[in-house]
Amino acid sequence: MAAADKVDPIHQFQIHPIIPLHIGGYDVSFTNSSLFMVVTIVLASAFLYWSTASRALIPGRLQSVSEMAYEFVGNMLRDAAGKQGMQFFPLVFSLFMFVLVANLIGLFPYFFTVTSHIIVTFTLAILVIGTVVVYGFAKHGFGFLKLFVPHGVPGLLLPLVVAIEVISFVSRPVSLSVRLFANMLAGHITLKVFSGFVVSLSALGAVGIAGSVLPLAMAVALTALELLVAFLQAYVFAVLTCMYLNDALHPSH
């Protein structure tokens, strides 16, 4: 067993059952990850409802934040997919808010970052790609396959280009999920390591406390960087979702 004062940067990502539950031999327990996903949804929904409940003509601070988020995602979707893309606004806005709030919650000590687990981010990515495929075939039929056949490609190179396009499309959920997961995982591990240096050095007395100033400054800087990354990764996930939905709306290159 590890020493009591040992800092384990991986411990913060471990999933623990809160309500053990097994159905048909499958473990469907309610875990700390499940809890924080519920907390994320509740907090995001409560904030949006509370901040817009008054519907004031001259918005206050909270209503302004909600309206800015609404316009931010709306403009992003219109720029990427045109006016037709606004039919997907509820999906894109929900994904943006979920990822953003989940990332921000994970910055609090002893809280759980659900977006640091590949199974969560991959599920979100599959939802996006699944929507693209289902809507693409429903809207265009087999014309959706034009997505893999760029215009102006010589016939000799067409098989190679189509193969590349198919591989690129299939890799989308992987890249979309790994980008978010890897950034949140790496950032939290690095922050925990520097925080561990501060705790370990502080236990060595006056000399250790003096030596802990540098890792403490790094921990503060990394916290600010993680705050930026939390917003940036939510934006990247949302903007890539918009671009992929544009392929479902306009499969022709």
Side-chain angles (χ1 to χ4, degrees), residues 1-50 88 90-138 169-193 195-196 199 226 229-230 233-234 236-238 240-241 244-245:
M1 182 178 295
D5 59 345
K6 183 178 179 180
V7 177
D8 181 9
I10 304 299
H11 183 267
Q12 59 184 314
F13 306 111
Q14 293 178 356
I15 297 179
H16 306 286
I18 298 176
I19 304 177
L21 183 62
H22 294 80
I23 299 177
Y26 293 96
D27 187 355
V28 291
S29 302
F30 187 80
T31 65
N32 52 341
S33 179
S34 307
L35 173 63
F36 277 94
M37 280 190 274
V38 172
V39 170
T40 297
I41 294 171
V42 170
L43 286 180
S45 301
F47 171 76
L48 292 172
Y49 176 79
W50 182 36
F88 294 107
L91 171 64
V92 179
F93 186 75
S94 297
L95 287 171
F96 174 77
M97 291 301 298
F98 179 85
V99 174
L100 176 60
V101 175
N103 290 350
L104 293 177
I105 287 176
L107 294 176
F108 288 88
Y110 303 107
F111 279 29
F112 189 85
T113 311
V114 297
T115 48
S116 65
H117 279 261
I118 187 66
I119 187 62
V120 175
T121 59
F122 187 72
T123 300
L124 296 177
I126 286 295
L127 172 62
V128 172
I129 301 303
T131 301
V132 171
V133 173
V134 171
Y135 181 87
F137 278 109
F169 185 85
V170 172
S171 67
R172 284 180 178 182
V174 177
S175 62
L176 189 61
S177 58
V178 170
R179 182 182 293 105
L180 175 57
F181 145 76
N183 276 278
M184 301 312 298
L185 182 73
H188 281 61
I189 288 178
T190 306
L191 182 59
K192 187 67 175 286
V193 168
S195 300
V199 174
E226 281 295 285
V229 170
Q233 288 304 312
V236 170
F237 196 95
L240 288 176
T241 298
Y244 297 158
L245 290 171

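Here the structure is a predicted model, which means the values were calculated and not measured.
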Pairs involving residues 119-132, ordered by first then second residue, that meet side chain to side chain donor-acceptor pair (under 3.5 Å) (sequence neighbours left out): none
Between CE on residue M97 and CG on residue L43, distance to nearest 0.5 Å: 10.0 Å
Close side-chain approach of F181 and I119, heavy atoms under 4.5 Å: no
Identified side chain to side chain contact (heavy atoms under 4.5 Å, CB included) counterpart of T115 within the set V101, N103, T40: N103
Gap separating the CG atom of L124 from the OG1 atom of T241, nearest 0.5 angstrom: 9.0 Å
Side chains of residues 16-27: which donor-acceptor partners sit under 3.5 Å, not counting sequence neighbours?
from : atom 1 : to  : atom 2 : distance (Å)
D27  : OD1    : S29 : N      : 3.1
D27  : OD1    : S29 : OG     : 2.5

Heavy-atom check, side chain of V229 versus side chain of M184, under 4.5 Å: yes
Within-4.5 Å side-chain heavy-atom neighbours: F111 and V39: no
Interatomic distance, L180 atom CG to S175 atom OG [nearest 0.5 angstrom]: 11.5 Å
Atom pair CD1 (I15) and CG (L35), whose distance is rounded to the nearest 0.5 Å: 12.5 Å
ring-ring contact (aromatic ring centres under 6.0 Å, His included) partners of F237, counting only residues at least two apart: none
Pairs touching residues 176-188 that satisfy side chain to side chain donor-acceptor pair (under 3.5 Å), sequence neighbours left out: T113-H188, H188-E226
Distance (rounded to the nearest 0.5 Å) between H117 NE2 and F36 CZ: 11.5 Å
Qualifying residues under ring-ring contact (aromatic ring centres under 6.0 Å, His included), relative to F93, sequence neighbours excluded: F89
Parallel, tilted or perpendicular: ring planes of Y135 versus F88, cut at 30 and 60 degrees: perpendicular
Side-chain heavy-atom pair L240, V128 within 4.5 angstrom cut-off: no
Residue list, side-chain hydrogen bond (donor to acceptor under 3.5 Å, both in side chains) with S116, at least two apart or on another chain: none
